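The structure presented is a predicted model; accordingly, all values stated were derived computationally and were not measured. Read the numbers this way: they start at 1 and go in the same order the structure lists the ligands and their atoms. Computation of the quantities below employed the complete heavy-atom set of this structure, encompassing side-chain atoms and omitting hydrogens, waters and symmetry-equivalent molecules.
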Amino acid sequence: MKSWVEVSERRLTENYRLLTGAAGDTAVLAVVKANAYGHGAAVCAPVLVRAGAEWLGVTEVTEGATVRAALETAGIARREQPGVLVMSGLLREDAEEVVRLGLVPVVWLREQMEWLAEAAGRLGMGPVAVHVEIDTGMARQGIRPGVELEDLLAWVRGEPGIRLDGVMTHFASSEVAGSLQTTLQRERFEEAIGAVGAAGLRLSWVHAGNSSTVDNQRGEGNLGWLRELAASVGARSMVRTGIALYGYCLPIEGEGLSEVRRELQPVMTWKTRVIGRREVEAGETVGYNGIFVAEHAMRLALLPVGYADGLRRELSASNAQAGGWAMVRGQRAPIVGRVSMNLTIVDVSGIAGVGLGDEVVVLGDGVTAEDHARLAGTIAYEIVCGVRAAHRCGIAG
Ligand SMILES: *Cc1c(COP(=O)(O)O)cnc(C)c1O
């Protein structure tokens, strides 16, 4: 096995509990899109459901199918399974599968609901539950508050094939304390929820925000506001968390309380094994373009991972510029030379007894996704989502 990801069931469960504790009465949807941010949706979804998740979130219908199947395999029967929210891009050809799998799609267009109602009719099923997204300022997906929304709500009220189960929005700057953009988005969402109430529609869920929304609390913060807004239409409030489940969260910009972020524990350990060893003399070059020249005799270890596996090329190291590192026997082994497509070389001169086949931690305790992100000029999200390990082992402690 070239490289693999181990998922800590304990840490995933503890992160989920930390978030539900911080969210109080507000429910916490567990986002498992993008293959659970690279952690393996089939591994993580059953753990999150056992931890108490009432809702899981995916991007597309095929992911919803994967999650339903994984839960079934884990011994969680369909009627005990949580709601599965499909958060992006419902197309006509998806409608039947959504209905058959009992997924709940996020919609914002009348056509999308027509496809769903038609599919349910064909399959002889009852009304399809949907969540309508409000575009409060992302300009990505969702309907804008105002006449358009009022027309849509009036149509929904007259359509027996559709049941409006929830209304949601997404914040653009939830990690920014006291963000004016969030304030504006809140006002637009209030207007939209007001329109739902005025249309006489009954809702179960009103939801907004992400991991940073839970982390970024000042006093009652966004969650207190959300709870009251949901209560105004007799619904429950919910927040949708992804990255924090897996142990990471953006730092809050400005004066926020970041208590959640401090207590999160990274869930992924990405491991590989030593496939070669080499001693080089002073003056020998290492890897592509010889950007690294040994300044003294060195012992190197060869790892069978590279940028094709999601190990970022920005972690390469020249003599002038240090790069990333792996953890070998609990110690840092600096990367030397260029990270290549499927191979990376690390310096184990200071680590005694490194042998062929030894396990190495590419990402995990001692070398976090935030370390990789800093070096690669990106965020931890992109690092964990980018890990493509061929095998996902069972669940480590
Ligand atoms: C991905 C996603 C989330 C989760 O965001 P995190 O920052 O990972 O917590 C929440 N809501 C929507 C609509 C999303 O697409």
> Looking at residues at least two apart in the chain, or sitting in another chain, which of them share a side-chain hydrogen bond (donor to acceptor under 3.5 Å, both in side chains) with E111?
Replying inline: none

> Are the aromatic rings of W270 and H372 close, with centres under 6.0 Å apart?
Replying inline: no

> So does D215 pair up with R261, basic N to acidic O under 4.0 Å?
Replying inline: no

>> Heavy-atom count check: over 12 atoms from other residues, nucleotides or ligands less than 6.0 Å from E93 CD?
In response: yes

>> For a quick check: using heavy atoms under 4.0 Å, what are the residues in contact with ligand 1, sorted by chain and number?
In response: V31, K33, Y37, M87, H170, G209, N210, S211, R240, T241, G242, I243, Y381

> According to the interplanar angle, ranging from 0 to 90°, do the rings of W55 and W205 count as parallel (below 30°), tilted (30 to 60°) or perpendicular (above 60°)?
Replying inline: perpendicular

>> Between E54 and R236, does any side-chain N to carboxylate O distance fall below 4.0 Å?
In response: yes

